[in-house]
Amino acid sequence: MAKRGFDIRKLRGFSGIAMTCFVMLYMPIVLLVVYSFNAGTSVAIWEGFSWRWYVSAWDNEMVQEATVRSLIIALSAAAIATTAAVLAALATTRNRKFRGQTAIFALIHQPLMVPEIVTAVALLIFFATIKVATGYTGLMYLIIAHSAFCIPFAYLPIRARLQGMDLSLEQAAADLYATPFQVFRRVTLPQLWPGILAGAMLAFVISLDDVVITEFVKSAGQDTLPTYMLGQLRRVVTPEINAISTVLLMISVLMVIAYTLLSRTKK
Amino acid sequence: MTKAITAQSLRKVYPGNPPVEALASIDVEIQDNEFFTLLGPSGCGKTTLLRLIAGFEHPTSGKLDMFGESLLDAPPYKRPINTVFQNYALFPHMTVAENIAFGLQMLGTPKASVNATVGEMMELVQMSHLADRQTGQISGGQQQRVALARALAPRPKILLLDEPLSALDFKLRKQMQLELKRLQTETGITFIFVTHDQEEALTMSDRIAVMSNGAIRQIGRPREIYDRPADRFVADFIGDTNFLPAEVISNSGEVTRLRLSSGQEVDAHARDGAQGKVTLALRPEHAELTDDGAGLLAGTLREVVYFGTDTHFHVTLDDGSDFVLRRQNSPADGNDFATGDRVGLTFPAGAAQVLRD
C-alpha cells in the first residue's frame, strides 16, 4: 500500500474532538434512558432500579390514546407518502427528460428546505378555513399534513434504488412481450421492494416524531405522543416521560437499522 | 426469398449539443433464416441499428419493415423479436427456469405448454440440471446459455444478439460460436448478430454488413468481405492488408490492368469505373517471396517473425512503404531468406483488389 499523504485520523486532537462530540450527542440520551428506570419521582436523583414508570405509562389512558393516534397517523402518512413517492420516482427516473423536471425536483424536496414552522403556520391557516367551511375536525388534517412532509423522505431511497437498477432488465422484459404494466409488476417492483420499504419506514419514523406541524394542525384533544409529552413537560416532569421517550427511541433505532440493512444494495 | 428485415434510409440522431448522428442512412435487407452479422468498431452504429429493430429506440426518419410490414408503430412487446443482451440482463429475482419461462408467460401460453418448452430449451442449451438455481449462482458461460434459451423460448421470428460472446473467455467463445451457428441452423430463426470481432463474424455469418460511422460500408458473404473488400476501411478492419499505390491502365469487365510503383504491370480484380491513381489491397497470405528481380515488386527483407503455424516477412519496398507477407510453415522449409536480403514479391493475377476511394 502506498503511503497516504493525508489522514484525518492522524491529526492532533482528532480523537479528543471526536470523543467530545459523541459524548455531547449521546450522554443526554443515555441519562434519559437511565432515569426511565428510576424508582423515585425525580428525573435527576437516582433512587434505585424499577419498571414502575413503564407500567405507569402503559396504564395511562392519555398515553394510550396518543400512541394509537400517533400510529394511525404515521401508518397512514407513510402509506400515502410512499405511494406518491413511488409514482414520483418512476416519473423522474423512467421517463425521458421533460421540461420543468428540475422544478419538479425542487417541489418534491420542498418540505426539506422550507422551515417547518412556515409550513405549520400555512397549514394552520389553510385548514382553519376548511374546518370553518366544512365543520370536519377529524384526523384527516393531520394525516394529510404528515403525508405531505413525509414524501421527500420516502422519495429519496426509492429514487436511489430506481437509479441503481439495471435498465436493461426492464428492456429485456419488454422484449419478452411484457406490457409496460407487466414490466413494472414482474420486474421493476420486485427489485424496488427494499427501496419502498426503506422509504416507508423513514416516512413512518419522521411522522411519528413530528411536533411542530402537529402542534399547529391538531384540533383539541388530538394529541399525538410527541405533543402529549410536550404538554406534560409544562406540568410535572416524572420519569414517565423518560420511559415513553425510551420506547420511542427504541422504535426509531430499530427502524434506522432496518432502513440501513434494506438500502444496502446486494453485491 | 422472404425478407425478414428491410431498412430504407434509416436514420437515427440523438438530440444533444451537438446532436449525435448514430445512423446516417441505412439501407439493408436481411433474409429469412439468415445468420446476418453487423460488424464494426465500437461507436459505428451497429448496436443502435439492433435497438431500432428491437424497438428500444425510434428512428429519426426512414422505413423499417419486418416481413413486409412496418415495425415503426409497434412497441418492443408487440414485436416477435427477442434479444440476447450483451450483459445478459437475466432477472436476478427469478430462477433459471423462471427466466426462460418469462416470455411465454407474457404471451399467455398455457402452463403445461410453457413447462414443456422450458424443459426443451434447457435441454437445448444443456442447463437442465441448473433449472432451480438463482441466476447469480451460475457462471458467465451458463448465464449466457440461459439468456439464449430465454430469448429462443417464445420462438421469435428474429433473434437479435448484442455481442453475446464478448464476456466469455477464448475457449468458451469458440465453443459458443459453433453452438450458436448450430442453433440457428436447427431452429431456422433469423439471427442478427452484432460484434466487433471480425473473426467471429467470418466464422459464423451467412452475410456480414461492415459498418463504420453510422453507415454500412459493405454487405456480403464472409468470403466476399475478406477477399473483395470494397474500400480501405473494410480492407483494414477485416484481417491484415497491404495497401499498394497503383495506376489504372485499362478496364475490361472483371479485370483491371494496373501499373505498380515498380513499373511492373499486373491484373487485379476490378472496381467499376476505377481510373487514374487507385489503391490496391492485397492480403499477406496471397503474396509470395521470390528472388530479387523476379517479382512484381522489389524491396529489402527487414524482419522474419516465426508464429508457429506460419511465418511473417516484413519487407520495405523500394518506394519506401512497408509490406507484410505471410507464409504457412511446412517441415520442408529451410531458411531460404534472411534479414537484410534483397527480395522480390509476386502475387497472382486477380489476388489484389482495387479499392473504392
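Residue numbering restarts at 1 for every chain, and letters A, B, ... go by the order of the sequence lines. Because the structure is a prediction, the values reported are computed rather than measured.
Between A/T93 and the options A/R161, A/M165, A/Q163, a side-chain contact (heavy atoms from CB on, under 4.5 Å) holds for only A/Q163.
Taking the six-membered ring where tryptophan is involved, the planes of A/F181 and A/F184 are tilted, since the angle between them lies from 30° to 60°.
The stretch residues 243-256 of chain A places none of its residues near chain B, where near means some heavy atom under 4.5 Å from a heavy atom of that chain. Contacts with chain B (heavy atom to heavy atom, under 4.5 Å) involve no residue of residues 72-82 of chain A.
Contact record, B/T6 with B/E29: CG2-CG, 3.9 Å, taken as the closest heavy-atom pair.
Aromatic ring centres of B/F193 and B/F35 lie closer together than 6.0 Å. For A/Y141 and A/F127, the distance between ring centers is under 6.0 angstrom.
B/I81 touches chain A through its backbone: at least one of N, CA, C or O sits under 4.5 Å from a heavy atom, while the side chain does not. Heavy-atom distances place the side chain of A/Q182, and not its backbone, under 4.5 Å from chain B. There is no contact between B/Q86 and chain A, counting heavy-atom distances below 4.5 Å. Looking at B/P75, there are no atoms closer than 4.5 Å to chain A (heavy atoms on both sides), in backbone or side chain. If you measure heavy-atom distances from A/D175 to chain B, the contacts under 4.5 Å come from both the backbone and the side chain. For chain A, the nearby part of B/L90 is the backbone; its heavy atoms alone come within less than 4.5 Å.
Within a 6.0 Å sphere centred on CZ of A/R185, heavy atoms belonging to other residues, nucleotides or ligands number 12 at most. The local environment of NE2 in B/H58 is sparse, with at most 12 non-hydrogen atoms from other residues, nucleotides or ligands closer than 6.0 Å. Crowding of B/D169 atom CG: a count of heavy atoms from other residues, nucleotides or ligands under 6.0 Å exceeding 12. Environment of CD in B/E69: sparse, with no more than 12 heavy atoms of neighbouring residues, nucleotides or ligands closer than 6.0 Å. Other residues, nucleotides and ligands contribute more than 12 heavy atoms inside 6.0 Å of the NZ atom of B/K181. Counting heavy atoms of neighbouring residues, nucleotides and ligands inside a 6.0 Å radius, atom OH of B/Y14 exceeds 12 of them.
Judged by the 6.0 Å distance and 45° axis criteria, A/R186 is not positioned over the aromatic ring of B/F91.
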